[in-house]
Amino acid sequence: MNMKMAALVLVFALASVESVSLNVRAQSTARATAARIGQTTQDERATYDLLAPETSSFRTDYEVSVTTSGATIFFDKIGTGLTTVPSAAGDGVTDLMAGAPLKVDEVSGAQAKAGGLVDADAGSRYLRIQLARPIPDHGGQARLRVIHTYRGSESYRFQGDAIVFSRNIGLPRATFVLPAGYQLTECNVPSQVLSDASGRVRVSFMHQGPGPVALLLKARAGVPTGAAAVPRPLTNARSWEPPAAQGPTERSRLSDRSSQDRDIVYFLQQPDTNAFSLYHDYTESREGIDKYLNVVRTGSKVSNPSGLILDTGETLKAQIVTGAQAQATGIDLGGERVAPDQEVVVTPFPGVKKGQSIRLRLSETYTAPESYRLEGEEFAFERSLGRPRNSVVLPRGWYLTWLSIPGVVSQTADGLTRVDFVNGRPDSIDVLMKGKRLAAATVR
């Protein structure tokens with residue numbers, strides 16, 4: 001696969017339906033984290049690197065997309081019971097789009113409130129971060145990486161011959177790296193257990209609950225360090241369990257789900273159309289990549305493709321070509337077998353430069369009678385969802401009656417029912433949902 005020309009290939013069974021302005025709808029339905037009044041965020045995750053236990057210190061590598069339109073400053077609250085470690089090596093803030101450092105300083109709650117954070121806690125401290133550019137309107141973002149070292153003896157401490165990390169974690173996705181030479185002996189939150197390249201144990205979880213998770217980790221010394229701890233490299237071998245040929249690889253199964261940055265939101269149209277629209281957000285950071293390809297399954301049609309650079313608000317032009325046209329123009333389809341008359345959506349964007357990245361929103365409309373259909377007076381949406389984070393928005397005038405996979409149900413700003421799925425497992429979830437029409441008097 002030529003990484004200079006290749007783009008990620010996403011396959012859907014689809015066709016054309018009515019045009020929907022997904023970017024506008026996404027703005028009204030996005031489930032941003034509004035933990036701070038006056039500023040909103042989404043896509044938050046962090047890695048906690050537990051340093052030498054006797055220091056009671058840990059370094060956080062926090063990634064966040066700030067979504068407050070027009071904002072030029074972001075305030076990051078320092079957690080309760082923590083103090084910063086001055087001049088810690090490697091600390092700082094990076095603008096992920098440009099790969100450039102940003103100015104940051106520590107301020108009081110009063111200074112944060114004076115700077116525009118209307119609900120700032122007077123007794124707390126904040127990191128004040130100067131953004132590289134004002135956040136664009138209509139769904140724009142400022143993507144930040146904040147690396148900072150903290151000390152907190154109540155959160156990270158010795159307990160007999162064990163070390164304990166105990167803290168309320170408000171982030172939906174987090175990874176904790178144990179010190180070298182330590183084994184995990186206890187974790188009270190369902191988590192993946194992984195290893196980094198040096199053999200340090202990593203504990204990773206995704207949390208969908210309505211509040212912080214009270215995490216308790218315990219570990220003991222006594223495992224190898226140095227070269228003896230280095231794990232065998234992961235392979236592309238598949239499970240012996242049948243059907244092995246279709247199963248995921250070892251490398252895929254043991255990847256950190258919490259670090260994956262793809263989101264898909266489906267907007268179901270009226271059921272008799274068999275149509276749904278969607279937007280798909282992802283970050284491209286591979287140097288030289290300059291297009292996204294979506295290969296449409298044979299016999300399906302796609303309509304209304306569009307793209308948006310969330311970092312800048314710039315719109316992208318997408319085009320629909322056939323397999324024959326792609327071959328004639330030299331578009332690399334990443335090894336996919338594409339019939340001459342099969343459709344491919346091509347969305348070009350500025351090539352990614354070394355050390356930089358770009359956050360894209362790709363929107364399309366499809367029909368898929370097998371996935372989305374009307375059964376008498378009920379609709380049925382049946383689809384295998386492979387990403388860690390997927391959401392489905394019901395059509396106007398319909399309510400949810402059946403749901404096969406647990407999800408969080410909420411109402412969007414414009415009165416539609418939304419279901420959010422978080423899947424921390426390295427497999428797909430086969431979602432089947434059904435719904436019925438609301439009484440006419442209750443439709444908003």
Side-chain angles (χ1 to χ4, degrees), residues 10-18 20 22 25-26 29-31 172 190 206-210 239 241-243 246-248 252-253 257 260 262-281 294 296-302 363-412 414-439 442-443:
L10 178 64
V11 181
F12 288 110
L14 316 161
S16 65
V17 289
E18 63 188 68
V20 177
L22 287 179
R25 294 186 62 183
T29 59
R31 191 163 63 100
M206 299 174 66
H207 175 62
Q208 199 178 10
S239 170
E241 294 273 14
Q246 284 76 43
S252 173
R253 295 166 70 192
R257 296 281 284 183
Q260 296 182 26
R262 293 170 176 271
D263 297 275
I264 300 180
V265 181
Y266 297 82
F267 298 89
L268 304 184
Q269 308 303 301
Q270 291 303 313
D272 57 359
T273 67
N274 305 123
F276 53 85
S277 301
L278 60 84
Y279 72 77
H280 174 208
D281 290 356
N294 176 24
V296 182
R297 292 179 185 174
T298 302
S300 298
K301 296 285 184 183
V302 60
S363 305
E364 291 146 335
T365 302
Y366 308 107
T367 57
E370 292 186 353
S371 289
Y372 183 45
R373 57 194 182 271
L374 192 60
E375 297 178 342
E377 295 183 351
E378 292 184 325
F379 79 75
F381 180 70
E382 187 175 8
R383 197 163 185 86
S384 178
L385 306 179
R387 301 300 179 192
R389 293 174 288 165
N390 304 267
S391 302
V392 180
V393 179
L394 271 60
R396 186 168 300 282
W398 295 76
Y399 69 100
L400 188 64
T401 58
W402 298 92
L403 183 60
S404 64
I405 299 294
V408 172
V409 180
S410 61
Q411 293 288 297
T412 67
D414 52 353
L416 303 180
T417 297
R418 172 173 170 141
V419 185
D420 293 294
F421 301 97
V422 169
N423 178 26
R425 296 163 41 128
D427 56 6
S428 299
I429 52 175
D430 293 325
V431 169
L432 172 60
M433 66 170 61
K434 295 190 176 188
K436 298 196 70 169
R437 198 184 299 272
L438 287 166
T442 64
V443 177

Engineer: Of all residues at least two apart in sequence or in a different chain, which pass the side chain to side chain contact (heavy atoms under 4.5 Å, CB included) check with Asp427?
Structural biologist: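 Per chain and number, Asp427 pairs via side chain to side chain contact (heavy atoms under 4.5 Å, CB included) with Asn423, Arg425.
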Engineer: Would you indicate whether the side-chain heavy atoms of Asp420 and Ser410 approach each other to under 4.5 Å?
Structural biologist: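 With C-beta onward as the side chain, the pair touches.
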Engineer: Calculate, to the nearest 0.5 Å, the distance between atoms CG and CD1 belonging to Leu385 and Ile405 respectively.
Structural biologist: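 Result: 9.0 Å between the selected atoms.
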Engineer: With side-chain contact (heavy atoms from CB on, under 4.5 Å) as the criterion, how do Lys436 and Glu377 come out once you've worked through the C-alpha distance, each side chain's angles and the decisive distance to 0.1 Å?
Structural biologist: CA-CA 6 Å; Lys436 298 196 70 169; Glu377 295 183 351; 4.2 Å; yes
Engineer: With Pro388, which residues qualify under side chain to side chain contact (heavy atoms under 4.5 Å, CB included), at least two apart?
Structural biologist: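 Here the qualifying residues are Met206, Arg257, Gln260.
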Engineer: Quick one: list whatever passes side-chain hydrogen bond (donor to acceptor under 3.5 Å, both in side chains) with Lys434, sequence neighbours left out.
Structural biologist: Glu375
Engineer: Give the intermediate values and the outcome of side-chain contact (heavy atoms from CB on, under 4.5 Å) for residues Thr273 and Thr367.
Structural biologist: CA-CA 7 Å; Thr273 67; Thr367 57; 5.8 Å; no
Engineer: Quick one: does Tyr372's side chain have a donor or acceptor within less than 3.5 Å of a partner on Gln269's backbone?
Structural biologist: yes
Engineer: Any chance you could measure Leu432, atom CG, to Ser371, atom OG, to the nearest 0.5 Å?
Structural biologist: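 Atom-to-atom, Leu432:CG and Ser371:OG are 11.0 Å apart.
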Engineer: Nearest 0.5 angstrom please: Phe276 CZ to Phe381 CZ, how far?
Structural biologist: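 Rounded to the nearest 0.5 Å, the CZ-CZ separation comes to 5.5 Å.
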Engineer: Rounded to the nearest 0.5 Å, how far does OG1 of Thr417 lie from OH of Tyr399?
Structural biologist: 11.0 Å
Engineer: May I ask you to check whether over 12 heavy atoms, not counting those of Arg373, lie within 6.0 Å of atom CZ?
Structural biologist: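 Yes, enclosed.
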Engineer: Closest approach of Ser428 and Ser384, non-hydrogen atoms and distance?
Structural biologist: CB-OG, 3.2 Å
Engineer: List the residues meeting salt bridge (charged side-chain N to carboxylate O under 4.0 Å, His left out) with Glu378, not counting sequence neighbours, and say none if there are none.
Structural biologist: none
Engineer: Do Thr412 and Arg418 get their side chains close enough for a donor-acceptor pair, meaning under 3.5 Å?
Structural biologist: no
Engineer: I need the His280 NE2 to Asn390 CG distance, nearest 0.5 Å.
Structural biologist: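 If we round to the nearest 0.5 Å, His280:NE2 and Asn390:CG are 9.0 Å apart.
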Engineer: Has the side chain of Gln270 got a donor or acceptor atom that lies under 3.5 Å from a matching backbone atom of Ala275?
Structural biologist: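 No, Gln270 side chain to Ala275 backbone: no donor-acceptor pair under 3.5 Å.
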Engineer: Looking only at side chains, do Glu364 and Ser277 share a donor and an acceptor under 3.5 Å apart?
Structural biologist: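 No.
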Engineer: Using the side chain to side chain contact (heavy atoms under 4.5 Å, CB included) rule, pick out the option among Val392, Val393, Leu278 that qualifies with Val265.
Structural biologist: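 Exactly one pass, corresponding to Val393.
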Engineer: Can you see which heavy atom on Leu374 is nearest to which on Pro271, and at what distance?
Structural biologist: CD1-CB, 3.7 Å
Engineer: With Asp281, which residues qualify under side-chain hydrogen bond (donor to acceptor under 3.5 Å, both in side chains), at least two apart?
Structural biologist: Arg361
Engineer: Which residues satisfy the side chain to side chain contact (heavy atoms under 4.5 Å, CB included) test with Leu400, sequence neighbours excluded?
Structural biologist: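 With neighbours one apart ignored, the set is Leu394, Leu403, Val409, Val419, Met433.
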Engineer: If you take all heavy atoms of Phe421 and Pro406, which pair is closest and at what distance?
Structural biologist: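 For Phe421 and Pro406, the tightest heavy-atom pair comes out as CD2-O, 3.6 Å.
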